[in-house]
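Comments concern the structure below.
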Amino acid sequence: MTTSLADTAHETWMTEGACHDEDPDLFFPISESDAGGDQIRQARSVCDRCRVESDCLLYALNHRIKHGIWGGLTEQQRQSLIRSRRRRLKPAAGRSANASSGRG
Ligand code: SF4
């Protein structure tokens, strides 16, 4: 199996995560409501003291990871972040089109 430079970089930050010695199940709650809420709070408290939190979140976003808590965010929160990024980018594209057509 070939390992790319990017894969090696990921392995490096992953071993530095505050969750390295935690039970992995903590980061994969069954639901984001009710009983899962306590689990999410516990997992996020680990992420809050993690020095590679932004690397972790970026990895999850770039790899479109659907399940689990990454970078302190749940799946729903990551999806919400992606949607808000798209909304912010869309008007800019529209303004650009209007500007080039002389209507901007
Ligand atoms: S941000 Fe959270 S899930 Fe990601 S490496 Fe750190 S502790 Fe683990």
Side-chain angles (χ1 to χ4, degrees):
M1 184 174 125
T2 305
T3 303
S4 72
L5 183 60
D7 289 338
T8 305
H10 295 150
E11 288 172 13
T12 301
W13 71 257
M14 284 181 178
T15 60
E16 295 174 6
C19 59
H20 194 248
D21 294 325
E22 299 284 340
D23 179 354
D25 287 346
L26 179 63
F27 295 84
F28 293 91
I30 292 170
S31 89
E32 293 196 18
S33 60
D34 301 330
D38 285 341
Q39 188 177 347
I40 290 168
R41 277 187 286 280
Q42 284 180 43
R44 292 181 74 183
S45 75
V46 176
C47 296
D48 283 347
R49 60 183 164 81
C50 180
R51 65 190 182 123
V52 293
E53 188 175 23
S54 57
D55 294 312
C56 180
L57 178 57
L58 198 58
Y59 180 86
L61 293 172
N62 287 343
H63 290 81
R64 302 177 196 272
I65 296 176
K66 296 217 178 286
H67 303 290
I69 296 169
W70 293 73
L73 298 185
T74 65
E75 176 187 346
Q76 286 180 4
Q77 291 169 325
R78 290 194 304 277
Q79 289 303 315
S80 176
L81 181 63
I82 289 168
R83 281 193 300 272
S84 79
R85 278 170 145 187
R86 284 187 186 141
R87 275 195 300 270
R88 280 199 308 266
L89 292 175
K90 254 186 179 171
R95 278 195 302 271
S96 176
N98 287 342
S100 64
S101 69
R103 294 185 300 161

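All ligand and atom numbering here is 1-based and tracks the order in the structure.
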In short, Arg78 meets Trp70 closest at the heavy-atom pair NH1-N, 3.5 Å
TODO: May I ask you to check if any N/O/S atom from Cys19 comes under 2.8 Å of atom 6 (Fe) of ligand 1?
DONE: no
In short, Ile69 meets Arg44 closest at the heavy-atom pair CG2-CG, 4.5 Å
Note: Gly17 and Val52 closest approach over all heavy atoms is CA-CG2, 3.7 Å
Worksheet item: Does any N or O in the side chain of Gln77 come within less than 3.5 Å of the main-chain N or O of Thr74, such that one atom is a donor and the other an acceptor?
Response: yes
Of the backbone and side-chain N, O or S atoms of His20, does one lie nearer to atom 8 (Fe) of ligand 1 than 2.8 Å? no
Quick note on ligand 1: atoms under 4.0 Å from a heavy atom of Ile69 include exactly 3 (S)
For Gly17, the ligand 1 atoms with a heavy-atom partner under 4.0 Å come out as 5 (S)
In terms of heavy-atom contacts, Phe27 and Cys19 come closest through CZ-CB, 3.3 Å
Using modelled atom types and a 3.5 Å cut-off, is there a donor and acceptor pairing between side-chain atoms of Glu75 and backbone atoms of His67? no
At under 4.0 Å between heavy atoms, what of Leu57 touches ligand 1? The answer is neither
Nearest heavy atom to atom 4 (Fe) of ligand 1, choosing from Cys56, Pro24, Gly71, Ala60, belongs to Cys56
Atom 2 (Fe) of ligand 1 contact by Cys47, N, O or S atom under 2.8 Å
yes
of all protein heavy atoms, closest to atom 6 (Fe) of ligand 1 is Cys50 SG, 2.3 Å
